[in-house]
Amino acid sequence: ITMLDAFCCDIVGVLALPEVESTWNLTQAVLRKASESVENCLLALCIVVAFTIPMLLVDVAILGKPSASVTGALPAFLVTCGVLHVLYLASMISEKCACVPPLVNAISFGAGSDRERQRTVEYIKNSAAGFYVFNLRLTMSTVLKLMYVWCFVAMGQFSRLDSSGDVVSW
């Protein structure tokens, strides 16, 4: 996120229009390499969080008492919140990348540069830079859909508990 902010500040204050594309190429390459290097860890964390929901159900069913199940579920809840926060930050990279073309379009690079500026804006827009996980762009809508599915599964699993903490069979 900081690298994108630095790129945007450089566009406004320092860079000339011909330098924007080469600096964007460097920024995009670093973003792609960074997302490629952490995508396996991110996938592993998502899998861990996906399996915590059934484990929380088992904890509540085995421990029985609400006070014991809350303290037992707290670490899993904190890990889930941490992973969701990491996904949120990763999706913010893609969201910031989507804001760069309008920024470049709004800046005046001097007389007679309109056509070159428009070409640069189209180049940045078509590069589709952002945070990628296994060649899928991670956006805020993707993260919100994932959170929705996790909440749906959690509510489905916890609805199988009766008031005493026992699992109700179907």
Side-chain angles (χ1 to χ4, degrees), residues 1-11 23-104 124-170:
I1 294 176
T2 304
M3 186 173 189
L4 285 171
D5 291 339
F7 174 76
C8 292
C9 289
D10 285 346
I11 289 174
T23 308
W24 179 253
N25 281 337
L26 178 66
T27 303
Q28 181 182 359
V30 170
L31 287 174
R32 185 63 88 145
K33 185 65 177 173
S35 62
E36 185 180 296
S37 64
V38 298
E39 67 187 2
N40 289 327
C41 281
L42 195 61
L43 179 67
L45 286 172
C46 287
I47 290 171
V48 165
V49 168
F51 283 118
T52 58
I53 295 170
M55 289 183 174
L56 288 174
L57 179 66
V58 170
D59 281 346
V60 170
I62 290 173
L63 295 175
K65 294 184 277 185
S67 62
S69 63
V70 169
T71 57
L74 186 61
F77 178 73
L78 292 176
V79 168
T80 302
C81 289
V83 170
L84 291 177
H85 184 70
V86 167
L87 287 173
Y88 167 76
L89 291 175
S91 69
M92 285 306 297
I93 293 172
S94 297
E95 299 299 326
K96 282 195 175 215
C97 286
C99 294
V100 172
L103 174 68
V104 174
I124 292 172
K125 189 186 305 181
N126 291 335
S127 69
F131 193 88
Y132 284 82
V133 178
F134 297 107
N135 293 327
L136 295 173
R137 189 169 187 212
L138 188 64
T139 61
M140 185 60 69
S141 64
T142 308
V143 171
L144 290 174
K145 288 174 189 174
L146 185 63
M147 289 171 54
Y148 175 76
V149 168
W150 277 340
C151 290
F152 181 74
V153 170
M155 294 305 289
Q157 291 293 324
F158 286 120
S159 69
R160 294 185 58 200
L161 295 176
D162 63 5
S163 60
S164 66
D166 294 331
V167 177
V168 178
S169 60
W170 291 349

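Note that the structure is a prediction, hence the values are computed from the model and not measured.
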Can you find a heavy atom in the side chain of Val143 that is under 4.5 Å from one in the side chain of Tyr148? no
*Using a cut-off of 6.0 Å, state whether more than 12 heavy atoms not belonging to Phe77 lie near its atom CZ.*
no
Approximate separation, where rounding is to 0.5 Å, of [X] [atom1] and [Y] [atom2]:
| X | Y | atom1 | atom2 | answer |
| --- | --- | --- | --- | --- |
| Phe134 | Ser35 | CZ | OG | 10.5 Å |
| Leu4 | Leu31 | CG | CG | 5.0 Å |
| Met3 | Leu26 | CE | CG | 5.0 Å |
| Met147 | Leu87 | CE | CG | 9.0 Å |

**Asked** Stepwise, does the side chain to side chain contact (heavy atoms under 4.5 Å, CB included) test hold for Thr52 with Val79?
**Response** CA-CA 9 Å; Thr52 58; Val79 168; 5.5 Å; no
Which of Thr2, Val30, Val100, Leu103 passes side chain to side chain contact (heavy atoms under 4.5 Å, CB included) with Phe7? Answer is Val100
The single option from Val48, Leu45, Leu42, Leu78 that satisfies side chain to side chain contact (heavy atoms under 4.5 Å, CB included) with Val83 is Leu45
Self-check item: N/O donor-acceptor pair under 3.5 Å between Glu95 side chain and Met140 backbone
Solution: yes
Has the side chain of Arg137 got a donor or acceptor atom that lies under 3.5 Å from a matching backbone atom of Ala129?
yes
Report task. Go through the steps for Leu138 and Tyr132 under the test side chain to side chain contact (heavy atoms under 4.5 Å, CB included), then give the verdict. Result -> CA-CA 6 Å; Leu138 188 64; Tyr132 284 82; over 6 Å; no
Discussion item. What verdict does the side chain to side chain contact (heavy atoms under 4.5 Å, CB included) test give for Cys97 and Trp24, after you've listed the backbone C-alpha separation in whole Å, the side-chain angles of each residue and the deciding distance to 0.1 Å?
Written reply: CA-CA 10 Å; Cys97 286; Trp24 179 253; 4.2 Å; yes
Heavy atoms of Ala34 and Ser37 approach each other most closely as O-OG, 2.8 Å
* To do: Determine, step by step, whether Ser94 and Ser91 satisfy the side chain to side chain donor-acceptor pair (under 3.5 Å) criterion, reporting the C-alpha distance in whole Å, the side-chain angles of both residues, the deciding distance to 0.1 Å, and the verdict.
  => CA-CA 5 Å; Ser94 297; Ser91 69; over 6 Å; no
- Test Val38 against Phe131 for side chain to side chain contact (heavy atoms under 4.5 Å, CB included), laying out the working first. CA-CA 10 Å; Val38 298; Phe131 193 88; 3.6 Å; yes
